[in-house]
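Data block below; observations after.
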Amino acid sequence: MQRIKPPRALIIVVLSFYFLHFAQGQNSEFYQKLTQADKLLNEGQIQEAILVLSNLKNQGIQNEDLSRLLGKAYYWSKDFPKTKEFFKQEISSNPEFLELQLDYARIRYEFQEWEAAEQLLEALYPKLPKHPEINQKLAEINYWTGGSKEKSLEFLERILSEYPNNPSAGQLKEEIISQTAPLLSIQSGYYSDSQPLRYGIIGGKFSGYQSSKLQPFIRIENRFYAENQRISLLELGNKLAFPSSKTTLILTGGLVQNSRFNELDFTYEASLEQGLGKGFFAGAALGKEAYLYTLASLEEVISPKLAQISLERKSENSWMGKFQANQRTFESDNKLQMLSLWVLIPIIKSQSVKFYLGYSGTLADTDSVRFETVSMPSPPIRPSFGELIPGAYSPYFTPINQSILGALAKISLDLGESQNISITGNYGVFAEISNPNIYYFGPETPGNAPINTENMVLLFNTETYNPVELKFEYSNTFSERTSINLSYQYQKTIFFDSHFVAFNLNLKLY
């Protein structure tokens, strides 16, 4: 009997059905183990899940779900070096695993490793240009690391064009527009002290933002004194921020003009702030200032050079404080050195009331004192032997062996979401200074002959006193674009009392 051979096509169909059934069985077993590993992970049995997934991986299976789940297990195990090593190897071997690359970008993002996260997201972007999460994270990283605001807004617009009601994209867009908008601050105020020194102030500051390294500003101030005297100040500067290293550098240059003489005085300053973590910041500054605090300083140009270092802790919910050391060098190389320290510790920390208590201390000294006699009457009246002659610091204050220990307190009241009142007080519990006094030790012969300056002797008497500082501040944010600040400051020192009231109107121009 002749044997009938089955058609070749039928053999192919049978073999295909067999291999398909075999593959389906293998896939079913594979996904059962993936499900088992995922369940172990969710139950907290991380090492057991890693063992199941590693056994599958050792079988040479290349599957994105397997790689993603094993990467997730390593991440949950908190073995971060192993996590990074695994993702790098898997992405290198399987560049088509886009979701795996996105998982790794999420991890680097969570670690705040912005540069690495940005590189991963930028590599994914051409392949998934409309992916909302990729665009959102690229916008955030660019903004947080000080990139161009326009670049962040472009990423967000790609999301909002597809999903107009996306909340995270919409909120970030509003924040970027608000925080980088040009700011105009208009100031007015009045100052008076018992020297007597009195003047009114009107001025303003305009600042803009293009990127973290381009934040220019201009400040103008006019001070109006008695007898039509006016002092004008113009300052130009730029703020450079380096978010990755938590560094901020501010460079300024300015001009000061006194209406009593045509001479212009040039001022400048470079100030550096470095974030150290846990709320600590180190600072340094070099510059040349305009000194305008005594009556005599209005009659001549006084521009001390400044060198300063500081260490500050900024925290509203924990203790805060600042240590500062500075030196001002006046004409004839006369140096004024000052050390200061203050610390505030929270006592009450409710949502609406914050109360702090602390300590303040100051040490100050100069190479030589600038204390001169007040103008004598004409014709001169010869004083008695040993008589105290009226004097004043001229042209600037030069404390000798000054030390102050103070009790510091601060209260902050939140009156709803938009209003705040802050009161800070510093009372000098103990203060001591070598106070300069000029005495006459000359002949008591009658007559109105000129007094010989050699007979006037400068002596220092140790004097104790109780300085006081009090500052009241009120702020009200009417809207995202408009706010006001009102402040009053009282100061009692060894040689004068002062009052200063100021009003600021702040406008965001967008």
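Count residues from 1 along the sequence.
- Aromatic ring centroids of W342 and F323 lie 6.0 Å or more apart.
- Between atom CD of residue E469 and atom OG of residue S360 there is a gap of 7.5 Å, rounded to the nearest 0.5 Å.
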Checklist line | Y427/V429 under side chain to side chain contact (heavy atoms under 4.5 Å, CB included): CA gap, chis, key distance, verdict | finding: CA-CA 6 Å; Y427 178 75; V429 178; 4.1 Å; yes

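- Around the CD atom of E115, the shell of radius 6.0 Å holds no more than 12 heavy atoms that belong to other residues, nucleotides or ligands.
- Other residues, nucleotides and ligands contribute at most 12 non-hydrogen atoms within 6.0 Å of the NZ atom of K173.
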Item checked: side chain to side chain contact (heavy atoms under 4.5 Å, CB included) evaluation trace for S54 with L70 -> CA-CA 8 Å; S54 297; L70 185 52; 4.2 Å; yes

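- Minimum interatomic distance between Q45 and E43 (heavy atoms only, all atoms of both residues): NE2-OE1, 3.0 Å.
- Although no hydrogens or angles enter the test, the distance criterion places no donor-acceptor pair under 3.5 Å between the side chain of S152 and the main chain of K149.
- Between I141 and L121, the closest side-chain pair of non-hydrogen atoms falls below 4.5 Å.
- Cation-pi geometry between K205 and F217 is satisfied (NZ or CZ under 6.0 Å from the ring centre, within 45° of the ring normal).
- Expressed to the nearest 0.5 Å, how far CD of Q337 lies from CG of L363 amounts to 11.5 Å.
- The structure places OG of S67 at 6.5 Å from CD of Q62, a figure rounded to the nearest 0.5 Å.
- Environment of OH in Y293: sparse, with no more than 12 heavy atoms of neighbouring residues, nucleotides or ligands closer than 6.0 Å.
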Next item on the list: In sequence, state the C-alpha distance, the side-chain angles, and the governing distance for Q32 and Q36, and then conclude on side-chain hydrogen bond (donor to acceptor under 3.5 Å, both in side chains).
Entry: CA-CA 6 Å; Q32 283 178 0; Q36 177 192 0; over 6 Å; no

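- Y199 and Y191 have parallel rings, their planes meeting at less than 30° on a 0 to 90° scale where 60° marks the start of perpendicular.
- Ring geometry for W319 versus F280: interplanar angle over 60°, hence perpendicular rather than tilted (30 to 60°).
- The minimum heavy-atom distance linking F500 with Y190 is given by the pair CD1-O, 3.3 Å.
- Here the side chain of N420 pairs a donor or acceptor atom with the backbone of L413 at under 3.5 angstrom.
- Surrounding CD of E96 are more than 12 heavy atoms belonging to other residues, nucleotides or ligands, all under 6.0 Å away.
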Notebook entry, point to check: Under the side-chain hydrogen bond (donor to acceptor under 3.5 Å, both in side chains) criterion, do S475 and N485 qualify, and how do the steps go?
Noted result: CA-CA 4 Å; S475 63; N485 296 87; 4.6 Å; no

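- Checked by atom type and distance alone, the side chain of N222 never pairs as donor or acceptor with a backbone atom of G203 at under 3.5 Å.
- A donor-acceptor contact shorter than 3.5 Å links the side chain of Q274 to the backbone of S245.
- Annotation: I202, atom CD1; neighbour count of heavy atoms from other residues, nucleotides and ligands within 6.0 Å does not exceed 12.
- Note that the CG atom of L236 and the CD1 atom of I218 stand 5.0 Å from one another [nearest 0.5 Å].
- For the pair E221 and R223, the salt-bridge criterion is met [side-chain N within less than 4.0 Å of a carboxylate O].
- Ion pairing between a basic and an acidic side chain is recognised when a charged N comes within 4.0 Å of a carboxylate O; E29 and K33 show such pairing.
- The structure places CD of E99 at 6.0 Å from CD of E64, a figure rounded to the nearest 0.5 Å.
- In this structure, K349 contributes its side chain and N317 its backbone to a donor-acceptor pair below 3.5 Å.
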Item checked: Criterion side chain to side chain contact (heavy atoms under 4.5 Å, CB included) on L470 and I423, from CA distance to verdict -> CA-CA 7 Å; L470 178 66; I423 303 173; 4.1 Å; yes

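- Annotation for E175: atom CD counts as buried by contact number, over 12 foreign heavy atoms lying within 6.0 Å.
- Using a distance-only test at 3.5 Å, with no hydrogens or angles considered, a donor-acceptor pair links the side chain of T35 to the main chain of Y31.
- A pairwise comparison of heavy atoms in I176 and T180 identifies O-OG1, 2.5 Å as the closest pair.
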Next item on the list: Kindly determine whether Q210 and E150 satisfy side chain to side chain contact (heavy atoms under 4.5 Å, CB included), including the steps that lead there.
Entry: CA-CA 9 Å; Q210 293 302 316; E150 284 78 12; 4.2 Å; yes

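- Residues D38 and K72 approach most closely at OD1-NZ, 4.1 Å, considering heavy atoms.
- Closest heavy-atom contact between P216 and N238: N-OD1, 3.1 Å.
- Residue K335 places its NZ atom among more than 12 non-hydrogen atoms of other residues, nucleotides or ligands, all under 6.0 Å distant.
- One finds the OG atom of S318 at 11.5 Å from the CG atom of L344 (value rounded to the nearest 0.5 Å).
- Under a 3.5 Å cut-off, the side chain of K288 and the backbone N or O of F266 do form a donor-acceptor pair.
- Residues D79 and Y74 fail the side-chain proximity criterion, which asks for heavy atoms closer than 4.5 Å.
- Nearest heavy atom pair, residue G71 against residue T83, reads O-CG2, 4.3 Å.
- Among the candidates R68, Q101, K57, the single residue satisfying the side chain to side chain donor-acceptor pair (under 3.5 Å) test with E90 is K57.
- Counting non-hydrogen atoms of other residues, nucleotides and ligands closer than 6.0 Å to NZ of K246 gives a total of 12 or fewer.
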Notebook entry, point to check: Would K508 and S178 count as a side-chain hydrogen bond (donor to acceptor under 3.5 Å, both in side chains) if you check the C-alpha gap in whole Å, the side-chain angles of each, and the deciding distance to 0.1 Å?
Noted result: CA-CA 8 Å; K508 290 184 177 180; S178 174; 3.3 Å; yes

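- Taking the six-membered ring where tryptophan is involved, the planes of F155 and Y125 are perpendicular, since the angle between them exceeds 60° and thus also 30°.
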Check: What's the verdict on side-chain hydrogen bond (donor to acceptor under 3.5 Å, both in side chains) for E110 and Y75, showing C-alpha distance, side-chain angles and the deciding distance?
Finding: CA-CA 11 Å; E110 291 298 324; Y75 178 62; 5.2 Å; no

